[in-house]
Amino acid sequence: MPLQALRTVSKGQNGVGAFILQCKRLDFHYCDWAGSSRGMNAFLKSELAAFARQNPQVEITVSPRPGRHPVVRGHYINGREKAICVRNMAIQEILQKALLLRNASGEKLKRVTKPVKSLNESVRGIWSPMHERNGFKI
Amino acid sequence: MRTPWNTKARRPSSFRSRLIEPKIQRTSGILSLCSLCALMVHIVAVIPKMTPNMIAVFPFQFAGCAYQPPAGDQTCFGNPRLPSSSYSTRTAASNSSSCRRAVQYRPQWQCRQQLHSTSRLASADAVTASMELELLDGQAPLRSAPERKPFPAASESRARSSAKLAALHARLALPAKLPLSTLARCLIDASVDPRPGSNNASLTILGQELLGYYTAEWLICHYPRLPMPVLFAAQHAYVGNTTLANLRREWGVEAAVAPGLEVDAGLLQFTANQSWKEQMERQLSRAKGELTDTDSQPLGTGRSNEEWRYRRGISSRIVYDNEFGDLVEGRSIDNEPSPEGPSSSSMVQPVHRTLGNPTTVEAASANFIRALVGALYLHAGLQQTQKFHASHILSRHLQLHTLFNFTHPTRDLSRLCAREGFEPPVARLLSETGRHSRSPVFVVGVFSGEDKLGEGAGSSLNEARVRAAAAALRAWYLYSPPEDDVKVPSCMLGTGSGAIGQEETERKVKWRSQLVDVGEIIT
């Protein structure tokens, strides 16, 4: 057989073609009694329906957490989760936090020093001293 | 070092002159295997009517008479072939008047296991009463076989109540024509629910053919000289089980820990209750021929003279095997060649033989994605399916030049030059360094006349020569015509008189015949 083939797996590149939002689920935890949940309760009553309508790709659950501070928790496709405590926050601040969780990728926060990453090989190729026109002199 | 297969501008002139004259012939027949007209016949044959199953019978439906379900009715009174079970189902509420007999609402898996061997309601009371008596005595009733709970059909209400399912629908940006209940059905594997009307098996077949066809035509039209083994490997890299299982994970679809009625409809449900050891023992006993029941029979691959273990060449792989060149299980063996050719018989896959068997996460995930593509085709049409395939499958990253594994590249290159009428290839040393050191580097180019076909570097002259020949072969095989000239055959579908949808008729595409090479070098 003159030629054989090696089996590999193609790699997904999210955003090339289809984009999959990485936030799978947002949990909203509130408390009926505690004062730190006042903004959260108002958010649930007034803003959450509109927020859910604008983001249909995120599953939203609301559950009580009595005697605790209110928390917004995001679950991501890579298996990680992020939780933000929203105690004593106003409605708009909670909305900002929910948007932050929705837009996050789920990865740990890292400093990005090289902003461009690519799976493709370099088109120009790596510089080689063998291919200098007059020969490479040290 | 330059990678020569990326550069179109530097291709030698004699190569380019060969490309201009069209060659519309190809020895490999993968397109005939995946032809769409055969597929349409297949759809009609395979896909059952998709009405949701009736879940229960309410009392108000029995206004005047007792319900007499037909024999073999599976919608509410269960399959009479199922043996009796241990579940203590409440008897059908027999009212005071004998003619008004009603069945209370209960989940379907209870209803199905209620009756013993008949489906007539008249004898039902006696049977269920005896079952209750058994349970009252505290004895566990006998189980004839390890049973799997029958599964609820993917109903509209169950699908609507699942937030996960709606989120998945929106996350994948699926068209609104695809209902949530069908998406829920795509998530139910045949290992959980053996009824072909409510699992994803039939959609899986359709989706597999569609994915295979679209990927094959894209690959062949974009890389017309791709050898068949590499074409098989590229198909496997794009739509193989492993890739589709990764795709399921990247979509955020989770698998249920154990299938059941209470599981959210947005989770992938399948049965994988066999440990690795059990699987190995099952395979071993199957190989020894000890298993006798119908599920455990070795499944045919559709190849003639299968028992002789004939050598599997590339040509027979194209005709008999699946789109990855692998053997297909579950096909009937026909030793007599049919007059219209083997492909007509190989299109028929009796999938029901493999139903109910435990599966793996990878296979169940791949089946889910294939079923989703099939459902998309049935509900939303051709164009949406092509869009979905392009955005989710073809957008994945695959470097085709890494798939090649040459055994004798120098020999292949000289055969290629002889076949195409080029001058025989000559390897020339382009530059070198450190010949007498412990780490020499030689750069060798392979020339045909004045044209440099390929270039390679190695730590010995021979290694560099072989690498250069392999680079030249890759450059030949991975030729790709300009993007504007490529037209896949399926882009013409729906433009004729037999339009599938309204929006397809608006596309005006002019067909241009595609260059497809004669194939790889056979030595």
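Protein chains get the first letters and strands the later ones, always in sequence-line order, with residue 1 at the start of each.
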Student check: side-chain heavy atoms of B/H401 and A/E121 closer than 4.5 Å: yes

Interface residue of largest heavy-atom contact number with chain A, from B/H169, B/E250, B/K387, B/E254, under 4.5 Å: B/E250

CG on B/L168 to CD1 on A/I20, rounded to 0.5 Å: 8.5 Å

A/R87 atom CZ, over 12 foreign heavy atoms within 6.0 Å: no

Structural part of B/A166 lying under 4.5 Å from a heavy atom of chain A: backbone

CG on A/L6 to CG on B/L403, rounded to 0.5 Å: 7.0 Å

Rounded distance [0.5 Å steps], CZ in B/R171 versus CG in A/N55: 12.0 Å

Heavy-atom pair with the smallest gap, counting every atom of B/A167 and A/E59: CB-N, 3.9 Å

Spacing of CG belonging to A/L3 relative to CE belonging to B/M228, to within rounding of 0.5 Å: 11.5 Å

Proximal component of A/F19, with respect to chain B [non-hydrogen, under 4.5 Å]: backbone

B/V441 versus chain A, the contacting section by heavy-atom distance below 4.5 Å: both

Residue part contacting chain A, namely of B/E432, when any heavy atom lies under 4.5 Å: backbone

Atom group of A/N14 that falls short of 4.5 Å from chain B, counting heavy atoms: neither

Value rounded to 0.5 Å, distance of NE2 in A/H131 from CG in B/L430: 6.5 Å

Proximal component of A/V9, with respect to chain B [non-hydrogen, under 4.5 Å]: both

Residue among A/G12, A/A5, A/S10, A/P129 with most heavy-atom pairs under 4.5 Å to chain B: A/S10

Option in B/F388, B/Y477, B/F406 with maximal non-hydrogen atom pairs under 4.5 Å from chain A: B/F406

Contacting region of B/F324 [heavy-atom separation from chain A under 4.5 Å]: both

Exceeds 12 heavy-atom contacts within 6.0 angstrom, atom CG of A/L109: no

Heavy-atom contact with chain A under 4.5 Å, split by part of B/Q399: side chain

A/R7 side chain to B/A233 backbone, donor-acceptor under 3.5 Å: no

Gap between atom OG1 of A/T8 and atom CG of B/L398 - 0.5 Å precision: 5.0 Å

Pair A/R25-B/K164, side chain to side chain contact (heavy atoms under 4.5 Å, CB included): steps then yes or no: CA-CA 9 Å; A/R25 200 173 88 201; B/K164 275 188 201 309; 4.1 Å; yes

Heavy-atom closest contact (A/Q13 atom, B/S395 atom, distance): NE2-O, 2.8 Å

